[in-house]
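Below is one structure, written out as structure tokens; comments come after it.
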Amino acid sequence: MHMTRTNGFRSVAVIGGGPAGLMAAETLIGQGVRVDLYDAMPSVGRKFLLAGKGGMNLTHSESAEAFRTRYGARRAQLEPMLDKFDADALRAWVAELGIDTFVGSSGRVFPTDMKAAPLLRAWLHRLRQSGVGFHMRHRWYGWGEEDALRFATPEGERKVRADAVVLALGGGSWARLGSDGAWVPLLTRLGIPVAALQPSNCGFDVNWSEHFRLRFAGHPLKSMALSFTDTTNLRHRCQGECMVTAAGIEGSLIYALSSQLRDQLAATGVAHIQLDLAPGWSLQRVTDEVARPRGSRSLASHLQSRVNITGVKAGLLREVLTPQDFTDPTRIAGAIKALPLNLTATRPLDEAISSAGGVVFEALDQGLMIRSRPGIFCAGEMLDWEAPTGGYLLTACFASGRAAGMGVLAWLAAGCPNNSSMIPAQ
Ligand SMILES: Cc1cc2nc3c(=O)[nH]c(=O)nc-3n(C[C@H](O)[C@H](O)[C@H](O)COP(=O)(O)OP(=O)(O)OC[C@H]3O[C@@H](n4cnc5c(N)ncnc54)[C@H](O)[C@@H]3O)c2cc1C
């Protein structure tokens, strides 16, 4: 293959300016490589900035062993990358950019000001100073004749040749921020195996009554536990908070089990969950409290004063129990401790925090190069892994971006072996 050289340097095109692509660019620049970063949007890091809106959770402070379990079935594939860039390395790297971090009460790690913008600003400044070329409003849409990358730009089509390419195109959620998953057919039509993108850390639909929806959509459900038995008959229980929405239910408590709930839905068409509205209380205690004489008080004020069930929690009981059930303290207590809800569907991918699915690891070598397409590397959320919220998403994006950058350097140093088909014929 013809090798493009610019001023004697090898040239690498990084496509996608999220955390994974930016980290790949940083790893490459200064290593005798010219780096050009292309992004479809007018500016890079839009999802990263959005992540900073609710408090940028960069990583997690738990033990390395616990940390790695968060990647589930993909732990083995991500572990070598995390070995080289783990939570501590990420915090040290952020500190180098002049940003202090702190560990929250949950063990999650945040920048001191909770924001993404100062970090991104400092990082982009350093990348520009190092010589990374930024090319915005460049939408990559495949390969042209010979080895040219094809970009749609406001000035029309632009063709670019590079010695190696890092694709860091993100998943398929929040398309308006740039990660629209439009890359999937570009790769699958070349025979590169891609697991279908699916919502991860997502909300779910519940068939609320009209009355409940109008009254309680947008209400937070605090101090709750969610129990659920997955497709392998494993019982899960998580405590936390979630939110009633017009369509169903969302929030961190739901996200924590979203992959298992999604898989259950795919297998059986419905996911049965139970909500514990009084997680600190035993069933016996709740039953005893509910069964106490209430005199002339209404049932609503009795439940509020005895078991602190009020507002949206009381609404949930009314949503699920029949008038007959409300005459039986045992049934009321049973519903408070294990309120049954049916989740009928995941919310659409575009609304999810992240995507499951992507380029499968079996198609990649250890440097994240596509085995069948030497010279093309992949990183970030576009790879086939998923993780819960808690900083695990960003950590793996940074770590895989760095791994892809290292993979490119190793491949270039080895003289680009087997590169005759770097850019495939369409
Ligand atoms: C609301 C929200 C909050 C979040 N909060 C957190 C959090 O607190 N902690 C955490 O760990 N994670 C969080 N995440 C997830 C995290 O932001 C993502 O996992 C991460 O940004 C993915 O990084 P990436 O580099 O792989 O892809 P992205 O950040 O999605 O970047 C991909 C880039 O590729 C570009 N691109 C796509 N297609 C093309 C194309 N054809 N041509 C050119 N450019 C293209 C896009 O414009 C984009 O800039 C959050 C996500 C959301 C939606």
Side-chain angles (χ1 to χ4, degrees), residues 13-25 36-60 67 70-71 87 90 104 106 108-111 114-116 119-120 134-143 149-153 158 160 165-187 197 199-203 250-252 255 349-356 358-359 368 378-383 385-402 404:
V14 177
I15 312 180
L22 293 171
M23 187 55 92
D36 288 283
L37 188 141
Y38 302 87
D39 199 291
M41 301 299 283
S43 59
V44 295
R46 292 190 168 209
K47 191 178 273 186
F48 187 68
L49 288 173
L50 177 76
K53 283 220 167 128
M56 154 124 307
N57 181 194
L58 282 167
T59 189
H60 204 288
F67 196 106
R70 309 299 175 184
Y71 298 98
L90 176 49
S106 59
R108 296 176 180 219
V109 176
F110 302 90
M114 302 293 277
K115 294 180 185 155
L119 197 167
L120 183 64
F134 284 87
H135 310 272
M136 298 300 97
R137 295 190 167 92
H138 276 61
R139 167 167 293 281
W140 172 68
Y141 65 100
W143 288 273
L149 296 161
R150 300 177 77 186
F151 292 96
T153 81
R158 186 172 163 203
V160 172
V165 179
V166 178
L167 299 175
L169 303 163
S173 75
W174 290 74
R176 64 186 174 280
L177 302 179
S179 54
D180 57 10
W183 55 266
V184 173
L186 299 177
L187 298 193
L197 298 183
S200 182
N201 296 301
C202 57
E250 67 176 33
S252 56
Y255 300 160
L349 173 60
D350 195 47
E351 292 177 17
I353 298 286
S354 59
S355 308
V359 178
L368 297 182
C378 300
E381 205 181 302
M382 70 179 291
L383 299 176
W385 58 275
E386 65 179 314
T389 57
Y392 309 106
L393 297 165
L394 281 174
T395 306
C397 287
F398 285 122
S400 64
R402 185 182 176 281

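First listed ligand is number 1; within each ligand, the first listed atom is number 1. All residue numbers refer to positions in the sequence shown, counting from 1.
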| Which of the atoms in ligand 1, numbered in the order shown and given with their element, are less than 4.0 Å from a heavy-atom of Gly380? | 26 (O)
| query | Any idea which atoms of ligand 1 are less than 4.0 Å away from a heavy-atom of Ser179? | reply | 30 (O)
| Quick one: nearest non-hydrogen protein atom to atom 8 (O) of ligand 1, plus distance? | Asn57 N, 3.1 Å
| said: Can you list everything that forms a salt bridge (Lys or Arg N to Asp or Glu O under 4.0 Å) with Arg139? Sequence neighbours excluded, please. | reply: Asp180
| Any N or O of Asp180 that comes nearer than 3.5 Å to an N or O of ligand 1? | no
| Can you find a pair of side-chain heavy atoms, one from Cys397 and one from Met23, that are under 4.5 Å apart? | no
| task | State the CZ-CE distance between Arg176 and Met41, to the nearest 0.5 angstrom. | result | 10.0 Å
| By side chain to side chain donor-acceptor pair (under 3.5 Å), which residues pair with Asp36, not counting sequence neighbours? | Arg34, His135
| message | Does either side chain, that of Asn201 or that of Ser354, offer a donor lying less than 3.5 Å from an acceptor on the other one? | response | yes
| request: Can you sort out which atoms of ligand 1 are near His138, meaning under 4.0 Å from one of its heavy atoms? | output: 42 (N), 43 (C)
| field | Proximity winner for atom 14 (N) of ligand 1, if only heavy atoms of Ile353, Leu383, Val14 are counted | value | Ile353
| Looking at ligand 1, does any of its N/O atoms fall within less than 3.5 Å of an N/O of Glu381? | yes
| Any idea which protein heavy atom is nearest atom 11 (O) of ligand 1, and the distance to it? | Leu394 N, 2.8 Å
| query | Looking at ligand 1, does any of its N/O atoms fall within less than 3.5 Å of an N/O of Ser173? | reply | no
| field | Distance from atom 3 (C) of ligand 1 to nearest protein heavy atom, with residue and atom | value | Ala51 CA, 3.6 Å
